[in-house]
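Reviewing the structure listed below.
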Amino acid sequence: MRYTLCLMLCLWSIVVLSAEDVVVTPRSFGCVLDMPKVRNTRIQNPDPEKLNEAIRIFRDSVPGKEYPTGTTLQLIPAEAMVKHDRAAFPNTNGWEFFSLKVTADGTTIQDRGDKVLNTSLKKPCLECHSPAAKFDFVCEKGHGCAPIPVTDQQIAAMQAADPRCKK
């Protein structure tokens with residue numbers, strides 16, 4: 001009995017310690033201009049090595065490569081996606097989508113999960129991101145996603161207008 005209990009405790013410890021918990025709160029999202037930028041997308045990861053890996057995957061459009069857990073991608077201030085362990089959100093390979101309300105006082109998470117609706121397109125985020133499954137569900141030109149009705153200049157203007165950024 002003692003051996004079985006010890007074995008179960010050891011196995012539980014391995015599972016718990018090997019799973020990378022990603023805790024996302026409103027404070028996880030700040031001024032997008034403070035995040036490194038690749039083309040139009042802002043990329044963040046609290047671990048510098050994982051951040052460099054995420055930037056490389058995005059910059060080189062590496063198919064079949066998963067982003068490191070803890071990676072945040074943002075195109076515009078009011079939307080984000082954060083990479084968790086695949087088991088957390090199996091339908092999106094670990095990505096959790098966020099609808100955000102941003103003000104000079106900070107960020108409020110309006111909706112989160114793998115079934116979030118894009119309020120401007122009136123579609124689930126996953127519907128647009130699914131064609132980019134071989135790019136770990138990350139949309140960009142050439143990844144199979146339908147084009148968004150926003151120009152590069154409009155994206156830059158939305159990022160520059162992020163009210164959380166110190167002017």
Side-chain angles (χ1 to χ4, degrees), residues 22-63 65-84 88-89 92-167:
V22 177
V23 178
V24 183
T25 69
R27 290 181 164 229
S28 302
F29 305 102
C31 170
V32 295
L33 300 178
D34 293 339
M35 300 165 65
K37 179 180 174 185
V38 178
R39 292 180 284 282
N40 289 324
T41 300
R42 301 294 178 153
I43 304 172
Q44 175 178 296
N45 193 305
D47 180 322
E49 288 181 29
K50 290 181 177 183
L51 174 60
N52 287 337
E53 176 68 1
I55 288 171
R56 184 191 67 76
I57 293 168
F58 192 90
R59 181 193 64 225
D60 299 343
S61 291
V62 181
K65 182 79 172 141
E66 287 188 35
Y67 283 80
T69 55
T71 299
T72 298
L73 300 177
Q74 281 190 270
L75 188 62
I76 61 172
E79 298 174 359
M81 53 194 291
V82 177
K83 183 71 172 198
H84 295 267
F89 297 96
T92 58
N93 204 35
W95 288 105
E96 181 178 20
F97 298 106
F98 289 83
S99 173
L100 307 170
K101 179 180 179 185
V102 296
T103 67
D105 295 328
T107 305
T108 303
I109 298 173
Q110 294 184 303
D111 198 7
R112 64 187 296 175
D114 59 356
K115 295 175 178 48
V116 173
L117 275 180
N118 178 301
T119 54
S120 60
L121 297 175
K122 310 268 189 275
K123 293 180 179 181
C125 297
L126 184 56
E127 186 176 315
C128 291
H129 285 263
S130 287
K134 74 177 184 180
F135 293 99
D136 199 17
F137 291 86
V138 174
C139 288
E140 197 183 31
K141 295 171 184 155
H143 285 196
C145 303
I148 58 172
V150 182
T151 67
D152 292 346
Q153 293 77 17
Q154 290 170 318
I155 292 168
M158 284 187 263
Q159 289 178 1
D162 186 340
R164 298 166 297 182
C165 301
K166 305 284 186 243
K167 305 290 187 220

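What you see below is based on every heavy atom in this structure, not just the backbone, and it leaves out hydrogens, waters and symmetry mates. Nothing fancy with the numbering, it's 1 onward along the sequence.
- One distance of note links NZ of K115 with CG of L126; it measures 8.5 Å at 0.5 Å rounding.
- C145 has its SG atom within less than 2.5 Å of the SG atom of C139.
- Look at E53 and R56 and you find a salt bridge, because one of the NZ, NE, NH1 or NH2 atoms lies within 4.0 Å of a carboxylate O, short of that distance.
- Between M81 and V138, the closest side-chain pair of non-hydrogen atoms falls below 4.5 Å.
- Between the S130 side chain and the E127 main chain, no donor and acceptor come within less than 3.5 Å of each other.
- Side chain of Q154 to main chain of T151: a donor-acceptor pair is present (N/O by atom type, distance under 3.5 Å, no hydrogens or angles).
- Residues I155 and L75 are in side-chain contact: their nearest non-hydrogen atoms beyond the backbone lie under 4.5 Å apart.
- The distance from atom CG of N93 to atom NE2 of H129, rounded to the nearest 0.5 Å, is 13.5 Å.
- We find that D60 and K65 are not joined by a salt bridge, their nearest charged nitrogen and carboxylate oxygen being 4.0 Å or further apart.
- Evaluation of the ring-ring contact (aromatic ring centres under 6.0 Å, His included) rule for F98 yields F29 as partners, not counting sequence neighbours.
- Between R42 and D162 no salt bridge is recorded (no basic side-chain N to carboxylate O distance below 4.0 Å).
- Listed for the W95 side chain is a donor-acceptor partner under 3.5 Å among the backbone atoms of D136.
- Applying side-chain contact (heavy atoms from CB on, under 4.5 Å) to E49 and the options N45, N52, D47 leaves one that passes, D47.
- Between the Q74 side chain and the Q44 main chain, no donor and acceptor come within less than 3.5 Å of each other.
- Pairs of residues two or more places apart, or lying in two chains, that qualify as ring pair (Phe, Tyr, Trp, His ring centres under 6.0 Å) and include a residue from residues 138-167 are F135-H143.
- Side-chain contact between E140 and S61: present, with at least one pair of heavy atoms (C-beta onward) separated by less than 4.5 Å.
- Remark: K37 NZ is packed, more than 12 non-hydrogen atoms of other residues, nucleotides or ligands lying under 6.0 Å away.
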